[in-house]
Engineer: 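One structure, pasted below without further comment.
Chain letters run A, B, ... following the sequence lines, proteins first and then strands; every chain starts at 1. Bear in mind the structure is a predicted one, so any value in this text is a computation, not a measurement.
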There are 2 protein chains.
Amino acid sequence: MPPSRRMTLKDLAAELGVSTASISNAFNRPDQLSPMLRERILNEAKRLGYAGPDAKARSLRTGRSQIIAVILAESLTYSLNDAVASELLSGIAEVLDAHGHTMLLLSGRQHGSETHGSTNMADGYIVYGLMPSMTMLSELPAQNPLVAVDFDIEHCPTIHIDNEPASYSIARHALLTPPKRPAVINLRLTKQPCNGRITDEHDLFSAHHTITRSRLMGIHRAFKESGIDPASVPMWNVEENIHDVCAPVIADILDQPEEHRPDLLLCMSDRIALTALTLAEQRGLCVPDDLRITGFDGIAEGQYRAPRLTTVRQDSIEKGRLAARMILGLSPKEQKYLSTELLIGESCP
Amino acid sequence: MPPSRRMTLKDLAAELGVSTASISNAFNRPDQLSPMLRERILNEAKRLGYAGPDAKARSLRTGRSQIIAVILAESLTYSLNDAVASELLSGIAEVLDAHGHTMLLLSGRQHGSETHGSTNMADGYIVYGLMPSMTMLSELPAQNPLVAVDFDIEHCPTIHIDNEPASYSIARHALLTPPKRPAVINLRLTKQPCNGRITDEHDLFSAHHTITRSRLMGIHRAFKESGIDPASVPMWNVEENIHDVCAPVIADILDQPEEHRPDLLLCMSDRIALTALTLAEQRGLCVPDDLRITGFDGIAEGQYRAPRLTTVRQDSIEKGRLAARMILGLSPKEQKYLSTELLIGESCP
DNA sequence: CTGAAAGCGCTTACAG
DNA sequence: CTGAAAGCGCTTACAG
């Protein structure tokens, strides 16, 4: 064997004077050869610097790569820095790791428009969030399993949370103390991109297109029950769930004259709510006395602070675990709804 | 072709009456066949549901998978939820994505002790942080490139930040206002696991084993310059950079009688500093009047709050970009130091 | 328990 | 510009 080349299983077999099958079995199927021979092969392999079968060849031969791809609707940069997506990923990683699989990260928003060539190497796909384009999904190998999280794909197992009841419950809690001027800050709810006040001019996405529409329906149900006409409640919208996009919208809301400024902000995410909290504090507004704020998600950042955020906790880690178990065939592939939990903090007691 | 089986390049070639080489070239090397034939092949492929060459076979044949593995010293659960690691990963992902590569996530702390079989599929490895065990690294294919981030591997390109000068600069800033009772909260500095006060009994890791030792050296240099004996400054340690581990240690510090309670906390990370901020606020302590706090890292959570954290910003995204560029051969493989930036917030003006 | 051989689906050097 | 053929490094069904 030329020393420049990496040692192969065949080289090792020749070196030891055994068949390639025995080498393979020594690494993969201990019951297929005598313990003594196996011991000898493993020892010699280590001594000669053969670290085990090549994964590229193995995956071609077996048809499986032990790789599960997670396809994120958002960019990888956003997803990796978003607490909710990160929790989902860690739940997935935990289960995959425990079962000898690894996680490949892909985004529905690639650099180019084309799918990465290595995409079809994965044994299965977990798709998180509504994809900007469905062409990518249609190009995936049809026989490989697919699980959708937070949105629906026809004929696919999906995992959701109970968005409408969850936001109903938090809105109902907030409305126990009647607000003078309630307001709602939505996330990507309008068909026309809008960072600001939502007007009659705007068309809203359906619940099929954005989970925040379901959340809004829950909030509206609570308003009606409290005798408040939802149409009378001003709404704002932000396009991105990041501080720098939320901040100017919220600044406009808070910088209104006091008689117009809301005293209750129902926010569609903790990120929006935390941005509102920061801007309120910077303006010397007292939370919750001058302004009550609620979020949605239950991320750590909202709970490890003073005042703590009143919010709905969704267990994204468990979502990820379940998605991974479905993909690996450890849980039945079905339509699954996870429940949420109301967390009452000091931002809206 | 039996309809149950996925279509292969060979099937398609037979179907169209052309050679397999032409099919391959149609997808990979447009210059190797006439535009007309290529067009026909691509159209027919789409019509017949052939989505392109199989990545498993391609990677065996070419020897490259277009996959770069990131090996994280911490668990995936920790890394994915840590702002600094997430920024590094997003920097890596950004560059890989732009160059047709994808990112596989691995941890040095696997479930079992054994390396995943698919580990050797990657074309290159970015290793982040000192590995709990070096065996995993020694089993990687020797001919594939390796880049180390935040620690050293012999004969390998590495990326660091200027830990000592960075913490010197922030400590010097803090000491411009002479503290009565300064204190330092370290991260994983002691050889014996310790969540609490560091005493003479503890052995400290060398700078080779933990970046926080270098940071401590910078802090000590600033102390000496200000005429403070470093040995007189009490030090605490935490083992994990997460709220729940930091909180009890910091609570003990803050719950001391006022005449012993520090009025300046130099923290080795923003996570520690933010935990201190929260606990101080919960106790009604005024930051910075009663207590000044500094961090290290410059994560968003410390800047998008009131009071903003005084800290040192390290550009983890750029670290990730550079690591990815080195792995892909787009940047020279060398020992690289990235500089940091002092951020002066209200937590220590 | 062990070995000889086929073949997973591609890419590429080479001949025409 | 096109095609026939070798071979990447394995695993596994099968024969002995």
Engineer: Measure the distance from NZ on A/Lys10 to P on C/dG3 and round it to the nearest whole Å.
Structural biologist: 16 Å

Engineer: Any Lys/Arg nitrogen of A/Arg321 or A/Glu87 sitting under 4.0 Å from an Asp/Glu carboxylate oxygen of the other?
Structural biologist: no

Engineer: What does nucleotides 11-16 of chain D look like as a protein-contact string, B for base, S for sugar-phosphate only, - for none, at under 4.0 angstrom between heavy atoms?
Structural biologist: BB----

Engineer: Would you please classify the geometry between the A/Phe27 ring and the A/Tyr50 ring as parallel, tilted or perpendicular, with 30° and 60° separating the classes?
Structural biologist: perpendicular

Engineer: So do the side chains of A/Met103 and A/Ile92 get within less than 4.5 Å of each other, counting heavy atoms only?
Structural biologist: yes

Engineer: May I have the distance from A/Asp54 (atom CG) to D/dC8 (atom C1'), rounded to whole angstrom?
Structural biologist: 9 Å

Engineer: Side chains of A/Val84 and A/Gln314: does their closest heavy-atom pair fall under 4.5 Å?
Structural biologist: yes

Engineer: Which of residues 33-50 of chain B sit near DNA chain D, with a heavy atom under 4.0 Å from it?
Structural biologist: B/Leu33, B/Ser34, B/Leu37

Engineer: Any side-chain to backbone donor/acceptor pair from A/Asn120 onto B/Ala55? Under 3.5 Å, distance only.
Structural biologist: yes

Engineer: By nearest nucleotide on DNA chain D, pick out whichever of B/Gly17 and A/Gly52 is the more 5' one.
Structural biologist: B/Gly17

Engineer: Compare all side-chain heavy atoms of A/Asp97 with those of A/His101 and state whether any distance is below 4.5 angstrom.
Structural biologist: no

Engineer: Once you round it to whole Å, what is the distance between P of D/dT2 and CG of B/Leu16?
Structural biologist: 13 Å

Engineer: Report yes if the side chains of A/Asn241 and A/Asp82 come closer than 4.5 Å at any heavy-atom pair, otherwise no.
Structural biologist: yes

Engineer: Could you state the atom-to-atom distance from NZ of B/Lys56 to P of D/dG7 in whole Å?
Structural biologist: 25 Å

Engineer: Counting any heavy atom closer than 4.0 Å, what does A/Asp31 reach on the DNA or RNA strands: base, sugar-phosphate only, or nothing?
Structural biologist: sugar-phosphate

Engineer: Across all strands, who's sitting opposite C/dC1 as a Watson-Crick or G-U wobble pair, both distances under 3.5 Å?
Structural biologist: D/dG16

Engineer: Can you tell me how far C1' of C/dC10 sits from CG of A/Asn120, to the nearest Å?
Structural biologist: 11 Å

Engineer: In plain terms, say whether B/Glu139 and A/Lys46 are close enough for a salt bridge, that is, a side-chain N and a carboxylate O under 4.0 Å apart.
Structural biologist: no

Engineer: Considering only NZ, NE, NH1 and NH2 on the basic side and carboxylate oxygens on the acidic side, decide whether B/Glu74 and B/Arg188 come within less than 4.0 Å.
Structural biologist: yes

